[in-house]
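Written below as structure tokens is the structure these notes are about.
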Amino acid sequence: MLKLNTMEEKLNKIKTDYFLNINQAKTLKELDELFLALFGKNGVITLLPKEFGKLPMEELQKIGPLFNQTKHELDNAIENRRQAVREESYAKLTTEKYDLGTAEIKPRHGHLHPTTQFIQETVDLFEKLGFQQFDAPQIDTDEYNFGLLNIPEGHPARDLWDTLYIDPQKTGYSPGELLLRTHTSNAQVRIMRDFTPPIRMMSIGRCYRYENLDARHEHTFEQFELVYIDKGVSMTNLQYLSEYFLQNTVGKDIKVRLRPKYYPFVEPGVGIDGLCIFCHGQGCKVCGGTGWLEVAGAGMIHPTVLKNGGINPEIYSGIAWGPGVGRIMMLKYGFDDIRELLKGDLKFLEKF
Ligand SMILES: [Zn+2]
């Protein structure tokens, strides 16, 4: 037969041990664990009444109230300690002081990709002249990339752009209808349809071509498109914008030349060349032996393209101007292979 004093001792021992632990608990998590150890499914307080059945009725009448009281006291003790822990941590938060003067400031590692930096500088440069940014899709239709730009299907000029087409079986479009844009000029007609002259817009972004790769050609590259449409816009503006751009990015002493060149969406069309900084005009592998590096295609927007954009070519004229970002970066920073930009070689990138 279990003795009353044995049960009483047991209860007292639980009380003493747990009171000590509760009052020493420093965190709410510790208190939660103590609560479970007492009142959880297998907690000592939960299980204890199972032993009461072994007590005679007379003794049970004495141990019952004692048990209830102990249970109540432990429960209260946990709740009070919880409150105290909360108040302590709050007091710590409000009184703790940090000395920012002695805090170690670690140097930042890494920086934006040089192409991103260059694009931001270019955007700033042309915002000063009142140009606004416009975004056109990188996956686009043949119509916006070619058709509306006066390059209808079957036109031999399409050979100028080695185009990557999207698999028609995966898109539901007709074969040849959907492509990766070959130039940012796919923004041109969209800009004309969205805005009325005077228009000063720029569009910078990724373009894709199925290229034979070499020091000047990359399959994935950034292009920068300017569209400037107003009454009386002429080749003089084009000359000015080319010099403004190259002198502010590459350097004041960069030599720029406009060379007649055919593009179907401009008339007249020009290639804009910067004097090769690697050979100073002597001819090298970077410039393909010509002494000049072509940095942009440009010209007066073809009247047909203006009409396609809903603009009357009898009243307005416009410039379209599309330098390759990588080519100009080569001139500005003096690296001799455009493929460096996408390699992800940290030794190259940390120079910027
Ligand atoms: Zn050269």
Side-chain angles (χ1 to χ4, degrees), residues 1-117 119-120 123 133 135 138-139 170 205-206 220 341-352:
M1 180 72 69
L2 196 68
K3 288 289 175 205
L4 170 64
N5 58 356
T6 318
M7 185 52 80
E8 210 177 329
E9 272 168 26
K10 210 168 180 175
L11 208 51
N12 278 332
K13 183 154 174 30
I14 292 173
K15 196 168 145 182
T16 324
D17 289 352
Y18 276 89
F19 263 126
L20 188 70
N21 289 335
I22 290 167
N23 287 321
Q24 283 175 347
K26 296 269 186 295
T27 63
L28 294 174
K29 186 170 179 276
E30 282 174 62
L31 289 164
D32 287 344
E33 282 162 7
L34 288 168
F35 182 87
L36 284 175
L38 286 166
F39 304 110
K41 197 178 162 201
N42 295 311
V44 287
I45 291 290
T46 314
L47 296 178
L48 201 62
K50 289 187 179 165
E51 297 176 31
F52 292 174
K54 300 167 194 165
L55 291 171
M57 182 55 80
E58 193 184 318
E59 295 184 1
L60 184 60
Q61 281 171 349
K62 287 175 190 164
I63 201 74
L66 193 64
F67 172 77
N68 285 334
Q69 197 195 335
T70 307
K71 192 173 153 183
H72 192 64
E73 281 172 5
L74 284 166
D75 194 17
N76 272 348
I78 289 179
E79 196 41 52
N80 289 339
R81 185 67 198 143
R82 271 196 184 121
Q83 191 57 31
V85 166
R86 281 191 201 108
E87 278 164 15
E88 278 165 25
S89 60
Y90 180 70
K92 202 176 160 198
L93 270 180
T94 48
T95 56
E96 211 166 32
K97 287 190 174 60
Y98 295 98
D99 184 356
L100 293 175
T102 61
E104 188 195 359
I105 297 169
K106 291 184 180 162
R108 279 184 66 186
H109 290 283
H111 54 70
L112 292 173
H113 190 278
T115 304
T116 309
Q117 292 178 33
I119 286 173
Q120 286 179 352
V123 166
Q133 283 196 77
D135 205 16
Q138 294 183 23
I139 295 175
K170 293 188 174 146
R206 280 228 153 142
T220 301
L341 288 172
L342 283 183
K343 260 189 200 164
D345 176 1
L346 290 180
K347 279 210 176 67
F348 171 77
L349 293 173
E350 73 187 4
K351 292 183 207 152
F352 293 87

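Values in this document were obtained by computation on a predicted structure and should not be read as measured data.
- Within the 4.5 Å cutoff, no side-chain heavy atoms of E30 are placed close to those of N21.
- Of all heavy-atom pairs between V123 and Q133, the closest is CG1-NE2, 3.4 Å.
- Between F348 and F352, the ring-plane angle classifies as perpendicular under the 30° and 60° cut-offs.
- The heavy-atom pair separating Q120 from L112 by the smallest distance is OE1-CD1, 3.7 Å.
- Between K347 and E350, the shortest heavy-atom contact is O-CG, 3.6 Å.
- Note that CG of L38 is 9.0 Å distant from CG of D75, once rounded to the nearest 0.5 Å.
- You'll find the side chain of L11 stays beyond 4.5 Å of the side chain of M7, heavy atoms only.
- A 4.5 Å side-chain heavy-atom check between I45 and Y18 finds every atom pair outside the cut-off.
- Here R81 pairs with E88 in a salt bridge; the nearest charged N to carboxylate O distance falls below 4.0 Å.
- Note that the NZ atom of K54 and the OG1 atom of T6 stand 11.5 Å from one another [nearest 0.5 Å].
- The neighbour count for I139 CD1, taken as heavy atoms of other residues, nucleotides or ligands under 6.0 Å away, does not exceed 12.
- Counting only distance, with no hydrogens or angles, the side chain of T46 and the backbone of N42 share no donor-acceptor pair below 3.5 Å.
- For the atom pair CD1 of I63 and NZ of K10, the computed distance is 10.5 Å after rounding to the nearest 0.5 Å.
- H113 contributes a side-chain N or O that, together with a main-chain N or O of L341, makes up a donor-acceptor pair within less than 3.5 Å.
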Verdict with supporting geometry, E79 and Q83, side chain to side chain donor-acceptor pair (under 3.5 Å)
CA-CA 6 Å; E79 196 41 52; Q83 191 57 31; over 6 Å; no
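- A distance of 14.0 Å separates CG in L66 from CD in Q61, rounded to the nearest 0.5 Å.
- Here OG1 of T70 is found 6.5 Å from CG of N12. Values are rounded to the nearest 0.5 Å.
- Salt bridge annotation for E9-K13: absent, with no cationic side-chain nitrogen under 4.0 angstrom from a carboxylate oxygen.
- Minimum heavy-atom separation, V85 to A25: CG2-O, 4.0 Å.
- Of all heavy-atom pairs between L342 and T220, the closest is CD1-O, 3.4 Å.
- Summarising the geometry, atom CG belonging to L47 is positioned 10.5 Å from atom NZ belonging to K41; distances are rounded to the nearest 0.5 Å.
- Residue F39 comes nearest to L74 through the heavy atom pair CZ-CB, 4.1 Å, listed as atom of the first residue, atom of the second, then distance.
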